[in-house]
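Because only heavy atoms are used, hydrogens play no part in the values below, and waters and symmetry mates are left out as well, while side chains stay in. Order of the sequence lines fixes the chain letters, A, B, ..., with proteins taken first and strands second; residue numbering starts at 1 for each chain.
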Number of protein chains: 2
Amino acid sequence: MDQNSLPPIQTTARDDAVLKALVGFVRAEALQPGERLPTERILAERLKVSRNTVREALTRWEGLGLVERRQGSGTYLKAAVSPDMLHLPLTLAGGNDFTSLMHTLEIRRALEAEAAALCAERASPGDIAEIERKLDIMEQAFRTRDGMSSEEDWEFHQAIYRVSGNPLFEQIIAAMHELFHRFWEHPLGVRDFGHASFPYHRTIYERIAARDPQGARDEALKLIATVEDDLKRGAAKLKLPSRT
Amino acid sequence: MDQNSLPPIQTTARDDAVLKALVGFVRAEALQPGERLPTERILAERLKVSRNTVREALTRWEGLGLVERRQGSGTYLKAAVSPDMLHLPLTLAGGNDFTSLMHTLEIRRALEAEAAALCAERASPGDIAEIERKLDIMEQAFRTRDGMSSEEDWEFHQAIYRVSGNPLFEQIIAAMHELFHRFWEHPLGVRDFGHASFPYHRTIYERIAARDPQGARDEALKLIATVEDDLKRGAAKLKLPSRT
DNA sequence: AGTGGTCCAATGGTCCAACCAATCTGCACA
DNA sequence: TGTGCAGATTGGTTGGACCATTGGACCACT
């Protein structure tokens with residue numbers, strides 16, 4: 001390892017400085033996700049900083065999911081780091097109340113509509129073919145199992161996010177996906193949960209294939225509207241509290 | 001063999017336990033955002049753990065934006081905590097390149113449009129008056145300084161997010177706001193940067209006041225479109241790299 | 001060759017006691 | 001009545017120590 005890739009730090013604001021130094025180190029050594037980074041003791045020595053300070057910095061990274069610590073083994077990089085990253089530590093109130101779920105659904109509506117519109121603008125013929133393939137798979141699964149198929153449905157939407165050309169859509173919605181799945185798995189007692197949204201998948205695809213951004217946006221809005229509707233019906237049926 | 005039949009065993013988890021205890025404490029004392037929580041030293045003593053462990057736990061909360069520490073003053077609650085929260089540590093590879101900036105702008109367009117629509121649906125007369133007040137302030141600042149006023153402009157938009165009734169809008173866009181300001185401060189060499197967006201602030205307000213969700217959505221889309229336009233012009237002028 | 005057991009060094013997790021730096025509080029002084 | 005300084009309070013940092021887990025080296029036995 002290059003000794004010079006870990007120069008001592010200087011000013012106050014230690015732990016932030018440690019993080020910056022670590023970013024520099026990861027770049028200098030071209031560390032890939034999965035690789036191990038130096039031990040806390042070595043980092044402390046190299047950076048001329050107490051081990052506790054190193055630990056505070058690593059705790060921050062661990063909280064952001066950038067790094068994983070394994071006692072007795074070491075600290076491992078979990079994701080790529082770049083000098084200027086944007087961290088959004090979103091904290092959503094518990095997923096078991098109706099209001100929170102509606103909130104995340106509103107975010108999804110916003111992003112879904114925009115992604116569909118961008119997708120309609122930018123999709124290449126190959127992209128359109130790919131989306132159609134996912135759509136066919138989804139429709140097939142829907143018919144055989146006679147109900148919404150979380151997995152295939154999700155893949156269809158992911159394809160749209162990907163083709164939108166903006167990785168942020170996929171990242172944000174993927175993060176929220178977990179929250180939705182708490183309910184997707186248990187359809188709230190609504191027998192045909194998700195049935196209403198089914199036809200809109202194809203209409204969205206058609207608007208994308210026709211390169212009609214506004215049309216794609218409108219269809220996406222309709223799709224989410226049906227999901228909101230199902231959600232409201234389920235909430236009413238279960239007498240879900242509107243607040244925790 | 002079923003993978004799930006042998007889950008990893010649970011051994012020690014000091015700092016997680018500390019966090020749980022803190023959640024319990026906050027709920028028991030009914031602490032509101034802004035209030036101060038006990039000293040690190042007191043927490044350490046009460047919980048019968050080392051102050052270092054308390055600090056690791058608090059560092060996590062700070063990283064999630066739940067808490068703010070002020071040296072010499074104390075540690076303050078920044079957001080409501082509930083026993084089951086979902087944390088989304090999104091790390092976006094942002095950067096100073098044109099492409100990343102356009103990506104974040106596309107996210108903002110999605111959220112801005114949706115927030116405006118929701119706002120038009122839900123705003124009370126008082127809310128509308130509040131938004132109009134922010135609009136007046138912004139327009140006033142615009143005229144006197146003959147240019148976009150980041151601060152007042154931002155407050156206008158924030159008011160809309162707030163009235164939308166969905167805190168997630170404000171959280172997400174606030175996190176991205178920092179990224180934008182890197183450029184907002186330096187208008188990319190475009191003299192009248194933001195001028196084009198000015199009139200749409202009022203049209204958005206009018207659509208909200210008229211309780212016209214679709215109209216508000218459309219006007220918001222137009223506003224962002226002008227910003228995208230400015231951005232493209234600035235990028236062309238500065239010959240910004242499209243990738244880092 | 002392979003299986004299991006034991007030992008040991010490395011590494012993250014926790015603890016302690018002290019000191020530093022920013023902040024707040026209140027009293028003395030003008 | 002204000003103002004400024006000194007001490008107390010609080011988070012930030014340090015260095016050193018020990019514990020718990022891990023993983024590899026080594027060994028005995030089959």
Side-chain angles (χ1 to χ4, degrees), chain A residues 1 3 6-22 25-26 29 31 33-79 81, chain B residues 6-22 25-26 29 31 33-79 81:
Chain A
M1 184 180 71
Q3 294 267 348
L6 274 179
I9 59 175
Q10 326 156 11
T11 64
T12 46
R14 301 280 205 217
D15 53 353
D16 271 341
V18 168
L19 282 186
K20 276 199 183 125
L22 273 185
F25 173 79
V26 171
E29 300 287 326
L31 281 190
E35 292 194 58
R36 219 189 74 173
L37 28 85
T39 67
E40 297 177 350
R41 289 171 175 87
I42 292 184
L43 285 175
E45 182 196 357
R46 290 273 204 287
L47 297 172
K48 292 280 184 282
V49 142
S50 155
R51 191 180 150 215
N52 273 343
T53 306
V54 171
R55 283 185 59 76
E56 290 245 336
L58 286 179
T59 300
R60 284 239 214 328
W61 269 20
E62 191 185 25
L64 290 170
L66 289 180
V67 115
E68 178 184 353
R69 294 151 124 177
R70 291 211 294 271
Q71 184 174 171
S73 176
T75 304
Y76 299 83
L77 204 57
K78 266 179 70 179
V81 295
Chain B
L6 273 181
I9 62 176
Q10 176 70 325
T11 56
T12 51
R14 279 280 206 281
D15 50 357
D16 271 342
V18 169
L19 282 186
K20 275 204 185 120
L22 273 185
F25 174 80
V26 170
E29 300 286 321
L31 281 190
E35 291 192 60
R36 220 189 72 171
L37 32 84
T39 306
E40 296 179 351
R41 290 171 173 86
I42 293 183
L43 286 174
E45 183 197 356
R46 288 272 200 286
L47 298 173
K48 291 280 184 268
V49 294
S50 150
R51 191 177 152 218
N52 272 356
T53 306
V54 171
R55 282 185 58 77
E56 290 244 340
L58 287 179
T59 299
R60 289 246 248 290
W61 268 20
E62 190 186 27
L64 290 170
L66 288 179
V67 114
E68 178 185 352
R69 295 151 120 178
R70 289 211 296 271
Q71 185 174 168
S73 177
T75 303
Y76 299 84
L77 205 58
K78 265 180 71 179
V81 296

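Taking the ring axis of B:Tyr76 as reference, the NZ or CZ atom of B:Arg70 stays within 45° of it and closer than 6.0 Å to the ring centre.
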Nucleotide N/O of nucleotides 9-11 of chain C paired with protein N/O under 3.5 Å:
from   : atom 1 : to      : atom 2 : distance (Å)
C:dT11 : OP1    : A:Arg36 : NH2    : 3.0
C:dT11 : O2     : A:Gly72 : N      : 3.2

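Not a single donor-acceptor pair under 3.5 Å links the side chain of B:Thr53 to the backbone N or O of B:Val49.
A salt bridge does not link A:Lys78 to A:Glu68: none of the charged nitrogens lies less than 4.0 Å from a carboxylate oxygen. Using a cutoff of 4.0 Å between basic side-chain nitrogens and carboxylate oxygens, B:Glu45 and B:Arg51 are not scored as salt-bridged.
Per the geometry, CD belonging to A:Glu45 stands 12 Å off P belonging to D:dG16, to the nearest Å. Protein atom CD of A:Glu56 is 15 Å distant from nucleotide atom P of D:dG15, rounded to whole Å. A:Trp61 places its CH2 atom 14 Å from the P atom of C:dG12, with the value rounded to the nearest Å. As rounded to whole Å, 8 Å separates atom P of D:dG11 from atom CG of B:Leu58. The separation between A:Arg55 atom CZ and D:dG15 atom C1' is 15 Å, rounded to whole Å. The distance between atom CZ of A:Arg69 and atom C1' of D:dA20, rounded to the nearest whole Å, is 15 Å.
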- Message: Under the criterion side-chain contact (heavy atoms from CB on, under 4.5 Å), I'd like the reasoning laid out for B:Leu66 against B:Leu77: C-alpha separation, chi angles, the key distance, then a yes or no.
- Response: CA-CA 6 Å; B:Leu66 288 179; B:Leu77 205 58; 5.6 Å; no
- Between B:Leu43 and B:Phe25, is a side-chain contact (heavy atoms from CB on, under 4.5 Å) present by the stated rule, with each step listed? CA-CA 10 Å; B:Leu43 286 174; B:Phe25 174 80; 5.6 Å; no
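Expressed to the nearest 0.5 Å, how far CG of B:Leu64 lies from CG of B:Leu19 amounts to 9.0 Å.
Closest approach of A:Arg55 to A:Arg69, counting heavy atoms only: O-NH2, 3.4 Å.
For the pair B:Thr59/A:Arg60, a side-chain contact is recorded, criterion being any heavy-atom separation below 4.5 Å from C-beta on.
Checking D:dG11, D:dT13, C:dG13 against every side-chain atom of A:Thr53, the shortest atom distance belongs to D:dT13. Residue A:Arg51 has its side chain nearest to C:dG12 when only D:dT13, C:dG12, C:dC15 are considered.
In the interface, the side chain of A:Asn52 is not paired with the base of D:dG12 through any donor and acceptor atom under 3.5 Å apart.
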- For DNA chain C, the dot-bracket pattern of Watson-Crick and G-U pairs whose distances stay under 3.5 Å, | for other-strand partners: ||||||||||||||||||||||||||||||
